[in-house]
Each structure stands twice: as C-alpha cells, then as structure tokens.
Amino acid sequence: MAERRRLLYVDNLRLAMIVLVVLVHCSVTYSGVGNWYFTDPVPQGPVSLLSFIVFQGFSQSFFMGLLFFLAGYYARASLVRKGPREFILGRLGRLGLPSLFYMVVINPFIVHTLADMNGIQSRCTLPQYWLVYMGNLSVLSGSGPMWFALALMLFCFVYAGLRAVRPSAAQAPVRAFRPSLAVGLALICAAGTFLVRLRWPIGTAVLNMQLCFFTQYILLFALGLAAHKNDWLRTLDPRFGGRCLLVAAAGIPVFGAAVWNALGAGGLGPYFGGPTWQSLFMSAWESVSGVCMTLGLVTVLRDRWEKTGSLLKWLADSAFAVYVFHSPLVVGLGRLLEPVQAPALAKFLLLGGLALPLSFGLAWVIRRTPLLRELVKA
C-alpha cells in the first residue's frame with residue numbers, strides 16, 4: 001500500500017485534546033473531583049460543582065480514548081514503515097524516555113516543592129525526599145499524566161508482538177466500516193468497563209494506572225489500528241459522524257441530570273463501581289460517548305480541519321511538550337492563585353487562561369534546549 005500523506009486535521013485534533021487535558025487538570029484544582037497534586041479548597045455551590053463534574057466527566061468519557069485511537073492509527077503506520085525492531089526502539093525513546101524523566105525529575109519536584117503534599121517540606125528537603133522516593137519505589141507510581149505514554153508504550157509492544165506471531169494478519173482483506181461495528185464496540189466497552197469496576201472502581205489506581213477506564217482505551221487503540229489498515233479515516237461517511245456527535249451531545253444532559261440527582265441523594269459513590277445500576281449506567285454512558293465522540297470528531301472534522309498555518313503547525317508540533325511539562329505550571333499557578341478571593345468557576349477560567357499560553361511558551365523553550373528537546377520530539 002502506498003504511503004499515505006499526513007493528515008493535518010488529525011494533528012489539529014490531537015492538539016485540541018491536549019489543550020483539553022490541561023483544562024481538565026485546571027478544573028480538578030477547584031472541583032476536588034479526581035486525582036491531582038493540589039486542590040484549592042475554594043467554596044462552591046451545587047451549580048458550580050455540577051458544572052465541574054459535567055465538564056470533567058464528559059471530557060473523561062472521550063478525550064483520552066480519542067488520543068489512544070489516534071495513537072493506534074499512527075502506531076500501525078509506523079510499524080509498517082519501520083519494521084518491529086525499529087518500531088519498538090522508537091517507542092522506547094519517544095514514550096519511555098520522557099516518562100522516565102517525568103517520574104525521576106518532575107514528579108518529585110512537584111510533590112515536594114510546588115504542591116508540598118501532606119506538608120512534606122516541613123519534614124525533609126527535596127534531596128532527602130528524592131532518596132526516599134526512589135528507594136521505596138514510589139517512583140513506579142510517579143508517572144503523573146505520563147501514565148498515558150507508559151500505557152501506550154505497553155499497547156505498542158503487545159501489538160508488535162502479535163504482529164510478529166501472526167504476520168499474515170497484516171494481509172487480511174480491507175473491510176468497509178459498518179455502523180454496526182460502532183454499536184458492538186460500545187456494547188463490549190460498556191460490559192467490560194462495568195466488570196472491571198467491580199474490582200477497580202473510579203478513583204482507584206494500580207501504579208498510577210486507572211484501570212477503570214482501560215477497557216475503552218484498549219478497544220479504541222485497536223480501532224485505530226483497524227482504521228489505518230482499512231483507511232477508515234478517509235472513507236467514513238460524514239453523515240454517520242454527524243449522527244455520532246448528536247448521540248454524544250444528547251447524552252450530556254442525561255449525565256448532568258444523573259449527577260444532579262446523585263448530589264442531592266448523598267453522593268456519586270454508587271456510580272463509581274460495584275454491582276449497582278448506577279455503575280452500569282455510568283459504564284454505558286461513558287462507552288457510548290467515547291465511541292461516538294471519537295468516530296464523530298475524526299469524521300466531521302476531516303474536511304473542516306484539514307489545514308494548517310505557521311501558528312497552527314507550531315502549536316501542533318508543541319503539543320507533546322505541553323503534555324509532558326504542563327503539570328508543574330498548573331500546580332505552581334494554582335498555588336499562586338490560592339489567595340485570590342473569587343468563585344471557583346472564575347478561578348478555573350483564570351488558571352486555564354494563564355496555564356495554556358504559559359505551557360506553550362514553556363514548550364517553546366523546551367524544544368530549543370538541546371537535552372530536553374530530545375524528550376519531546378514531534
């Protein structure tokens with residue numbers, strides 16, 4: 001098969017998802033819903049809390065799954081072009097090295113110096129904390145947002161191994177996409193997510209991996225592999241993509257109503273996991289939203305975003321550097337804004353408005369620093 005030209009709208013879509021990642025981490029700073037280094041205990045009413053939860057919940061339902069889908073698409077392209085050995089070495093450098101740098105350098109600096117988690121600065125210096133952090137293997141859980149890179153690296157290794165065991169699978173005939181595939185994928189994702197959350201509910205993690213979301217990630221990564229093999233990104237019907245987005249949009253008020261009811265009835269606990277109808281609802285809603293948003297966005301935006309310019313290209317090329325290095329900026333800015341007296345939503349908008357341009361500014365510096373730029377090659 002002839003080498004396909006790079007899809008500009010895919011780069012733009014990936015940039016948009018990483019911007020959303022930064023904003024979600026800004027949101028967690030004030031909502032307190034989710035795992036983050038620092039939360040500002042600013043008072044908030046039910047409407048403010050509902051707004052945060054709906055924003056974070058809807059974003060979580062698709063943004064990381066979409067990134068795994070896009071990663072799967074390009075993983076197959078890379079393996080076909082490079083071969084297994086070079087592909088694996090490339091993923092070790094592209095994903096493993098920045099993850100290691102984050103775990104060894106950035107994460108302990110944030111925990112001790114920027115966030116001062118659990119008042120640790122009063123008990124030890126940064127070098128003392130670092131020695132304990134490395135010695136007791138806390139570093140293994142210190143990946144922060146780079147859990148994505150580590151999980152993606154594992155997915156790529158498994159994929160390369162399967163291709164090595166079954167090379168004939170690459171010669172399977174090209175198949176047209178059918179809407180029934182999306183329905184089946186959502187059903188399998190919902191069932192798998194519900195079952196996983198019987199053991200690992202939302203809020204739990206294994207070595208910083210939130211397994212409660214991994215059913216979707218694995219399935220969408222596999223869908224990305226299939227999309228590249230069958231050229232679905234170019235052939236999917238825009239009308240089908242539009243219907244997918246309508247389904248996802250219709251689910252937002254349903255999710256919001258469920259959250260509002262839960263907040264008034266004692267909390268969201270039953271939605272996080274366990275043998276409850278609420279957990280089944282949450283698993284199903286997330287799965288439908290994730291599949292529909294992924295297929296909808298990559299289809300509907302295909303013609304609208306297939307463009308670039310000097311600024312947009314610079315932003316897209318800087319996206320991975322922003323992903324790797326935005327955490328200390330978000331945490332540091334959050335601490336600086338803590339004395340500001342303002343409603344939670346207003347502080348979120350202020351933090352996001354500062355964190356985004358400063359993150360891209362930091363990315364500009366990183367990409368021009370000889371040693372660091374090797375960690376964030378586009």
Which label fits F177 and F240: parallel for a plane angle under 30°, tilted from 30 to 60°, or perpendicular past 60°?
tilted

Between M134 and V104, what is the shortest heavy-atom contact and its length?
CE-CG2, 4.3 Å

Near-ring test W200/F213, centroid separation under 6.0 angstrom:
no

What is the ring orientation for H25 with H326, classed by angle as parallel under 30°, tilted 30 to 60°, or perpendicular over 60°?
parallel

So, S48 side chain and G45 main chain: donor-acceptor pair closer than 3.5 Å or not?
no

Between F58 and W285, what is the ring plane arrangement, given parallel below 30°, perpendicular above 60°, and tilted in between?
tilted

Lys/Arg cation over aromatic F320: R94, 6.0 Å, 45° cone:
yes

Between T193 and Q216, does a side-chain hydrogen bond (donor to acceptor under 3.5 Å, both in side chains) hold up when you go through it step by step?
CA-CA 7 Å; T193 300; Q216 183 191 108; over 6 Å; no

Take S141 and N208 through the test side-chain hydrogen bond (donor to acceptor under 3.5 Å, both in side chains) and record every step on the way to the result.
CA-CA 5 Å; S141 298; N208 198 39; over 6 Å; no

Work out which heavy atom in P270 is nearest to a heavy atom in G267; give both atom names and the distance.
CD-O, 3.9 Å

Look up atom CG in L375 and atom CZ in R367, then write down how far apart they are to the nearest 0.5 Å.
13.0 Å

Please check if the side chain of N12 supplies one atom and the backbone of T308 the other of a donor-acceptor pair under 3.5 Å.
no

Exceeds 12 heavy-atom contacts within 6.0 angstrom, atom CG of N118:
no

Please check: side-chain N/O of D116 versus main-chain N/O of I120, any donor-acceptor pairing under 3.5 Å?
yes

Between F68 and Y217, ring centroids under 6.0 Å:
yes

Starting from the C-alpha separation in whole Å, work towards a yes-or-no answer on side-chain hydrogen bond (donor to acceptor under 3.5 Å, both in side chains) for D303 and Y9.
CA-CA 8 Å; D303 297 325; Y9 87 96; over 6 Å; no

Tell me whether L140 at atom CG has more than 12 heavy atoms from other residues, nucleotides or ligands lying less than 6.0 Å away.
yes

Looking only at heavy atoms, what is the nearest atom pair of K82 and F87, with distance?
CB-N, 4.2 Å

Taking every heavy atom of L223 against every heavy atom of L181, the minimum-distance pair comes out as CD1-CD2, 4.2 Å

Could you go through S27 and Q56, starting from their C-alpha distance and side-chain angles, then the distance that decides it, and tell me whether this counts as side-chain hydrogen bond (donor to acceptor under 3.5 Å, both in side chains)?
CA-CA 7 Å; S27 178; Q56 291 177 212; 2.8 Å; yes

Does the structure place the NZ or CZ of R335 under 6.0 Å from the centre of the six-membered ring of F38, at an angle of no more than 45° from the ring's axis?
yes

Testing the basics here: between Q44 and A344, what is the closest heavy-atom pair and its distance to 0.1 Å?
CB-CB, 4.1 Å

Are the side chain of R368 and the backbone of W364 linked by a donor-acceptor contact shorter than 3.5 Å?
yes

A363 and A321 have their tightest heavy-atom pair at CB-CB, 3.7 Å

Heavy-atom count around R178 CZ within 6.0 Å, excluding the residue itself: above 12?
no

Donor-acceptor pair, side chain of T299 and main chain of L295, under 3.5 angstrom:
yes

What class does the angle between the rings of W147 and F214 fall in, given that below 30° is parallel, 30 to 60° is tilted and above 60° is perpendicular?
tilted

